[in-house]
Amino acid sequence: MYRNKFVSVIIPVLNEEESIGKVLNDIPDYVDRIIVCDNGSADNTPEEVKKSRAELVYENERGYGAACLKAISLLDDNTDIIVFLDGDYSDYPEEIYLLLDQITENDYDIVIGSRMINPNARRNLTNVARFGNWLSTFLIKLFWGNSFTDLGPFRAVKFESFKKLKMADRNFGWTVELQIKASKMKMKTTEAPVSYRQRLGKSKISGTVTGSIKAGSKILYLIFKELF
Ligand SMILES: Nc1nc2c(ncn2[C@@H]2O[C@H](COP(=O)(O)OP(=O)(O)O)[C@@H](O)[C@H]2O)c(=O)[nH]1
Ligand SMILES: [Mg+2]
């Protein structure tokens, strides 16, 4: 429990044997529940998860959103706050409190961990990711009037508010879908500056050409789909 709130952490993973153990190890004890969703890793990711206190579930269908939705389907109404975290050890799990404080003290519905604020974090994003964040957040501001600087995957959401979003995207559009829907629904959103380091293991998305193209086009498609 963190300030009387039951906190569940959701981690989608695909082939993260080098990093997932470190991520799980750095999650603070006040986190009540940790659910890792494996999307068919071909390496020792599941074995690494089994060494920890985290619960492990599987999703056959590839995709970040599909994995998140599977993990969330295990939650019950005990959960007050969901935290999303990547399994690549680029975010700092010990900074979860930075996100939680904005909910427990300032009653925000959604807190995005922004990697675009702290210069040391920003430097560790690829050029493509920095540009994509700038463009997407510019369009969200233009169309829905809500300010963000990042589509960072490290984020905290009140479970009650999360259910109202009716999240549906099953792959790369997950992060932007959440921010657009929250903006349209006039939820209370904010950002917390977070640290960010080079990931361990291989990038599946923004560090690859095909991943960046697929993610970029899906994100733009979703922005315009939500607009019309
Ligand atoms: N479950 C699942 N996780 C994925 C998939 N693709 C990427 N991931 C995970 O999503 C997170 C972000 O992917 P990553 O490769 O770090 O993307 P990047 O930060 O843009 O380089 C990592 O924890 C990956 O293991 C997928 O298809 N399924
Ligand atoms: Mg990453």
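Basis for what follows: all heavy atoms, side chains included, without hydrogens, waters or symmetry-related copies. Indexing begins at 1, ligand by ligand and atom by atom, following the structure's order.
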Dump all N/O pairs between ligand 1 and the protein below 3.5 Å as a table: atom names plus distance, one pair per row.
unit_1: ligand 1; atom_1: 1 (N); unit_2: V13; atom_2: N; d: 3.4
unit_1: ligand 1; atom_1: 1 (N); unit_2: V13; atom_2: O; d: 3.2
unit_1: ligand 1; atom_1: 1 (N); unit_2: N39; atom_2: OD1; d: 3.1
unit_1: ligand 1; atom_1: 15 (O); unit_2: R199; atom_2: NH2; d: 3.0
unit_1: ligand 1; atom_1: 15 (O); unit_2: K204; atom_2: N; d: 2.5
unit_1: ligand 1; atom_1: 16 (O); unit_2: D88; atom_2: OD2; d: 2.6
unit_1: ligand 1; atom_1: 16 (O); unit_2: R199; atom_2: NE; d: 3.4
unit_1: ligand 1; atom_1: 16 (O); unit_2: R199; atom_2: NH2; d: 2.9
unit_1: ligand 1; atom_1: 20 (O); unit_2: S206; atom_2: N; d: 2.8
unit_1: ligand 1; atom_1: 20 (O); unit_2: S206; atom_2: OG; d: 2.7
unit_1: ligand 1; atom_1: 21 (O); unit_2: S203; atom_2: OG; d: 2.6
unit_1: ligand 1; atom_1: 21 (O); unit_2: S206; atom_2: OG; d: 3.4
unit_1: ligand 1; atom_1: 23 (O); unit_2: P12; atom_2: O; d: 3.1
unit_1: ligand 1; atom_1: 23 (O); unit_2: G87; atom_2: N; d: 2.8
unit_1: ligand 1; atom_1: 25 (O); unit_2: L14; atom_2: N; d: 3.0
unit_1: ligand 1; atom_1: 25 (O); unit_2: E16; atom_2: OE2; d: 2.5
unit_1: ligand 1; atom_1: 27 (O); unit_2: N39; atom_2: OD1; d: 3.2
unit_1: ligand 1; atom_1: 27 (O); unit_2: G63; atom_2: N; d: 2.9
unit_1: ligand 1; atom_1: 28 (N); unit_2: N39; atom_2: OD1; d: 2.2

Determine whether a donor-acceptor pair (N or O, by modelled atom type, separation under 3.5 Å) exists between the side chain of S90 and the backbone of Q198.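 Judged by distance alone, no pair lies under 3.5 Å.
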
Contact check, side chains of D150 and I117, non-hydrogen atoms, under 4.5 Å: no

Ring centres of F143 and F228 under 6.0 Å apart? no

What pairs with E55 under side-chain hydrogen bond (donor to acceptor under 3.5 Å, both in side chains), at least two apart in sequence or on another chain? R33

Will you find, in the side chains of D86 and Y64, an N or O donor that is under 3.5 Å from an N or O acceptor?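 Side-chain D/A pair, D86 to Y64: present.
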
Pair N133-R130, side-chain donor/acceptor within less than 3.5 Å: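 No.
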
What protein N, O or S atoms come within a distance below 2.8 Å of the Mg ion (ligand 2), ordered by chain and number?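 Those protein N, O or S atoms (cut-off: under 2.8 Å from the Mg ion (ligand 2)) are D88 OD2.
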
How long is the straight-line distance from NZ of K225 back to CD1 of I180, given to the nearest 0.5 Å? 9.5 Å

Contacts of Y2 that satisfy ring-ring contact (aromatic ring centres under 6.0 Å, His included) - sequence neighbours left out: Y30

Path from F154 to L100 over hydrophobic side-chain contacts below 4.5 Å: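 Yes; L100 is reachable from F154 via cluster members.
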
